[in-house]
Amino acid sequence: MAATIIDGKQLAKTIKEEIRQEVERIKLQGGKTPHLGAVLIGDDPASQSYIRSKVRSCEQCGFASTLIQKPSIITEYQLLSIIKELNDDDDIDGFIVQLPLPEHIDEEKVTLAIDPKKDVDGFHPVNFGRMALGLPSYLPATPNGILEMLKRYKIETSGKHCVVVGRSNIVGKPMSILLANKSYPGNCTVTLTHSRTQDLAAETRRADIIIAAIGIPNFITADMVKEGATIIDVGINRVDDVTAKRGYRLKGDVDFENVQSKAGFITPVPGGVGPMTVASLLINTLRASKKEVYD
Ligand code: L34
């Protein structure tokens with residue numbers, strides 16, 4: 001039996017339409033227009049495309065946005081000054097600094113410089129800590145987008161065995177915590193696996209839900225998947241393809257063609273987790289403008 005394909009693109013559209021309507025109501029009542037700041041350093045094509053999509057989504061939802069673009073030769077000090085200005089700007093509800101940053105800039109220092117109240121990426125240790133404790137916080141966009149997909153497709157999570165592949169600070173680690181939290185989606189038994197895991201296939205084969213966030217194309221193959229499992233593919237790998245218009249194709253971490261027939265639910269790439277990451281950022285920015293998390 002073929003899997004149900006989770007349409008992240010359509011879901012993101014629905015969420016954005018809900019946000020647009022709420023923003024319209026807020027404006028009619030004389031409330032504040034949500035305002036997102038975005039900082040892009042350098043000219044990485046993938047980062048440029050993600051930032052463009054975030055700015056465009058702001059427009060679609062009636063948000064204001066301010067994009068600050070600087071060349072990769074910017075100093076760490078200059079970037080920290082930009083962050084200070086955004087922290088102090090009363091009209092900016094929240095902002096992000098798109099990662100990765102050039103090598104001479106310390107990502108940790110940059111993340112720590114962002115006011116947790118404006119950290120709509122949810123990367124600051126204060127937000128990560130609050131998330132881990134189940135306190136109100138900005139949830140990191142990709143994990144939150146995945147929770148929204150599980151919720152809106154009514155996928156059962158309670159008591160299920162979830163195997164997260166990859167332990168990054170922005171996806172794997174927070175995802176493992178959120179799915180173990182006492183909530184829906186949540187209440188999972190979680191295994192967090194990584195490059196040193198022994199017999200990874202034995203782990204994934206026991207999974208009712210697999211979150212693949214490793215960054216290696218086609219890493220999760222059909223033999224690693226239990227019949228009927230839910231497969232969430234976070235990978236967005238660019239692989240060369242001379243027949244493609246742009247010279248490359250997007251490939252997930254999951255061998256979609258062969259896993260599809262075995263899975264219960266599966267997310268495609270593109271059109272799965274990626275658009276939901278953008279939708280989650282908008283959710284956080286709206287919450288920031290309503291001062292829902294911090295006042
Ligand atoms: N600070 N850095 C910060 N915040 C983030 O939340 C991100 N991330 C990740 C990279 N660095 C970041 C993103 O924005 C990944 N990411 C992201 C955002 C959007 C999409 C993918 C990753 C996306 O929209 N993907 C589309 C295809 C886009 C394309 O054609 O290149 C998709 O359908 O998957």
Side-chain angles (χ1 to χ4, degrees), residues 5-13 15-16 36-42 44-58 60 65 67-69 79 82-83 86 94-102 105-114 116 118-124 127-128 138-149 166 168-175 211-215 217 232-241 244-254 256 266-285:
I5 294 175
I6 299 178
D7 189 344
K9 197 172 173 181
Q10 182 54 48
L11 203 49
K13 230 187 213 168
I15 292 171
K16 284 195 275 186
L36 175 72
V39 182
L40 175 61
I41 308 297
D44 176 60
S47 296
Q48 282 177 333
S49 127
Y50 305 152
I51 282 284
R52 264 201 307 276
S53 154
K54 290 173 181 180
V55 169
R56 197 178 341 110
S57 297
C58 282
Q60 288 166 350
S65 65
L67 173 60
I68 299 172
Q69 269 183 286
L79 177 54
I82 292 171
I83 291 172
L86 291 167
F95 66 96
I96 61 165
V97 178
Q98 188 70 18
L99 302 179
L101 289 170
I105 298 178
D106 183 347
E107 280 184 5
E108 198 186 314
K109 241 191 212 169
V110 168
T111 305
L112 281 169
I114 299 172
K118 293 196 174 188
D119 169 38
V120 285
D121 260 333
F123 292 171
H124 190 285
N127 280 311
F128 194 100
Y138 298 116
L139 299 180
T142 302
N144 192 42
I146 293 169
L147 294 182
E148 282 290 333
M149 293 202 280
S168 73
N169 289 337
I170 69 172
V171 183
K173 217 183 279 177
M175 194 76 255
I211 313 285
I214 332 117
I232 308 292
D233 191 349
V234 184
I236 25 155
N237 311 290
R238 292 185 168 205
V239 295
D240 292 337
D241 181 353
K245 219 182 352 186
R246 299 185 282 191
Y248 68 87
R249 231 158 17 97
L250 287 184
K251 267 251 154 237
D253 291 347
V254 176
F256 185 89
I266 189 166
T267 66
V269 177
V273 173
M276 291 300 293
T277 295
V278 179
S280 298
L281 174 66
L282 298 171
I283 293 174
N284 280 348
T285 306

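Each ligand, and each atom within it, is numbered from 1 in the order the structure gives. Side chains are part of it too, since the values below use all heavy atoms of this structure and drop only hydrogens, waters and symmetry mates.
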Side chain to side chain contact (heavy atoms under 4.5 Å, CB included), paired with I68, selected from L40, L86, L79: L86

Flag side-chain contact, heavy atom, 4.5 Å: I266 against I232: no

Chi angles and distances behind the side-chain hydrogen bond (donor to acceptor under 3.5 Å, both in side chains) call for S168, K173: CA-CA 6 Å; S168 73; K173 217 183 279 177; over 6 Å; no

T111 side chain to E107 backbone, donor-acceptor under 3.5 Å: yes

Euclidean distance, D44 CG relative to L99 CG, rounded to 0.5 Å: 11.0 Å

Backbone N/O of V254 and side chain of D233: donor-acceptor pair under 3.5 Å: yes

Residues lining ligand 1 [heavy-atom distance under 4.0 Å, listed by chain and residue number]: S49, Y50, K54, V97, Q98, L99, D121, F123, I236, R238, R246, L250, P270, G271, G274, P275, T277, V278

